[in-house]
Amino acid sequence: QLQESGGGSVQTGGSLRLNCRASRGVIGSHCMGWFRQALGKEREGVATLSPDGTWKYADSVKGRFDISDDDAEDTLSLQMDRLKPEDSAMYYCAAAYTHNCNSLRERDYVYWGRGTQVTVSS
């Protein structure tokens with residue numbers, strides 16, 4: 001139901017835009033989130049977006065990342081600017097039921113994509 005794209009390799013300070021294509025109707029009826037998992041570390045929440053437009057970001061990405069959606073295109077996006085080496089990770093798109101909106105906890109999400117790799121070199 002969820003498929004990420006847009007990952008790649010960039011240098012420090014660069015930008016990437018991740019996209020998540022969802023099955024029809026998922027984005028408008030679920031709370032959506034981006035998570036990431038670096039090698040050897042636990043998966044962590046990066047940003048969330050609820051159907052009413054409320055968003056939440058992890059402190060580590062505030063002011064640098066922007067989450068948005070396009071219901072007409074069934075797409076969730078994550079614009080990542082001023083990237084740092086510590087942003088390197090596999091990035092996942094996920095969907096949660098609406099009673100868990102704005103949660104950055106992995107356990108609250110029920111649908112997951114397979115991920116897209118982001119590598120930031122110094």
Side-chain angles (χ1 to χ4, degrees):
Q1 286 189 321
L2 303 174
Q3 184 170 2
E4 304 89 343
S5 63
S9 297
V10 295
Q11 292 188 328
T12 297
S15 298
L16 282 173
R17 185 176 182 86
L18 305 183
N19 292 309
C20 172
R21 188 66 186 268
S23 298
R24 190 71 177 164
V26 169
I27 290 179
S29 60
H30 291 75
C31 294
M32 304 300 297
W34 285 99
F35 288 74
R36 66 186 181 187
Q37 186 169 21
L39 196 62
K41 295 186 178 181
E42 294 185 352
R43 194 176 298 187
E44 62 173 351
V46 174
T48 71
L49 183 64
S50 65
D52 67 359
T54 305
W55 40 256
K56 183 177 182 178
Y57 295 94
D59 288 343
S60 59
V61 305
K62 282 181 181 177
R64 300 189 297 120
F65 289 13
D66 181 56
I67 189 171
S68 62
D69 67 11
D70 185 335
D71 287 350
E73 296 294 327
D74 299 309
T75 300
L76 178 75
S77 298
L78 185 69
Q79 177 66 38
M80 305 187 296
D81 298 322
R82 302 197 305 277
L83 284 161
K84 305 175 182 180
E86 51 263 46
D87 294 318
S88 297
M90 185 72 79
Y91 281 72
Y92 298 90
C93 173
Y97 297 127
T98 53
H99 62 272
N100 281 322
C101 275
N102 299 123
S103 169
L104 289 173
R105 296 178 303 190
E106 179 182 3
R107 67 186 185 195
D108 290 331
Y109 287 76
V110 293
Y111 302 115
W112 292 86
R114 293 188 175 185
T116 185
Q117 180 68 40
V118 171
T119 303
V120 185
S121 58
S122 57

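Quick note: residue numbers are just sequence positions, from 1. This is a predicted model, so every value here is computed, not measured.
Separation of atoms CE (Met32) and OG1 (Thr75) is listed at 10.0 Å; rounding is to 0.5 Å. Between atom CE of residue Met90 and atom CG of residue Leu39 there is a gap of 10.0 Å, rounded to the nearest 0.5 Å. Remark: Asp69 CG to Leu78 CG distance equals 12.5 Å, nearest 0.5 Å.
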Check residues 114-121 and write down every donor-acceptor pair under 3.5 Å in which the side-chain atom is one partner and the other belongs to a residue at least two apart or another chain.
{"residue": "Thr116", "atom": "OG1", "partner": "Gly7", "partner atom": "N", "Å": "3.1"}
{"residue": "Gln117", "atom": "NE2", "partner": "Ala89", "partner atom": "O", "Å": "3.3"}
{"residue": "Ser121", "atom": "OG", "partner": "Val10", "partner atom": "O", "Å": "3.4"}

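For Phe65, there are no ring-ring contact (aromatic ring centres under 6.0 Å, His included) partners, not counting sequence neighbours. Evaluation of the side chain to side chain contact (heavy atoms under 4.5 Å, CB included) rule for Ser29 yields no partner, not counting sequence neighbours.
Neither Tyr111 nor Leu104 shares a network with the other; the hydrophobic side chains, linked directly or stepwise wherever heavy atoms of I, L, V, M, F, W or Y lie under 4.5 Å apart, form separate groups for each. By the rule that hydrophobic residues join a cluster once side-chain heavy atoms approach within less than 4.5 Å of another member, Tyr109 and Ile27 end up as members of separate clusters. Grouping the Ile, Leu, Val, Met, Phe, Trp and Tyr side chains by contacts below 4.5 angstrom, directly or via other members, places Leu2 apart from Phe35. Both Leu76 and Val46 are assigned to one and the same hydrophobic cluster, defined by single-linkage of ILVMFWY side chains at heavy-atom distances under 4.5 Å.
Listed by first and then second residue, the salt bridge (Lys or Arg N to Asp or Glu O under 4.0 Å) pairs that reach into residues 50-62 are Asp59-Lys62, sequence neighbours excluded. For residues 23-86, the disulfide bond (SG atoms under 2.5 Å apart) pairs, not counting sequence neighbours, are Cys31-Cys101. The ring pair (Phe, Tyr, Trp, His ring centres under 6.0 Å) pairs that include a residue from residues 38-60 are Trp55-Tyr57, where partners are two or more places apart or lie in different chains. Residue pairs meeting the salt bridge (Lys or Arg N to Asp or Glu O under 4.0 Å) criterion with at least one member in residues 86-96, sequence neighbours excluded, are Arg36-Asp87, Arg64-Asp87. Within the structure, disulfide bond (SG atoms under 2.5 Å apart) contacts touching residues 32-62 (residues at least two apart or in different chains) do not occur. Residue pairs meeting the salt bridge (Lys or Arg N to Asp or Glu O under 4.0 Å) criterion with at least one member in residues 12-27, sequence neighbours excluded: Arg24-Asp74. The salt bridge (Lys or Arg N to Asp or Glu O under 4.0 Å) analysis of residues 98-109, with sequence neighbours excluded, yields the pairs Arg43-Glu106, Arg105-Asp108. Within the structure, every pair that satisfies the ring pair (Phe, Tyr, Trp, His ring centres under 6.0 Å) test and touches residues 76-103, not counting sequence neighbours, is listed here: His30-Tyr97. Sequence neighbours left out, the pairs with a member in residues 6-16 that pass side chain to side chain donor-acceptor pair (under 3.5 Å) are Ser15-Asp81.
For the pair Asp66 and Met80, the minimum side-chain heavy-atom distance is 4.5 Å or more. The shortest distance between side-chain heavy atoms of Leu49 and Thr54 does not fall below 4.5 Å. At a threshold of 4.5 Å between non-hydrogen side-chain atoms, the residues Cys20 and Trp34 count as touching.
Checking Ser77 against Asn19 by side-chain atom types alone, a donor-acceptor pair falls below 3.5 Å.
Looking at every heavy atom in both residues, Cys93 comes nearest to Glu4 through N-OE2, 2.8 Å.
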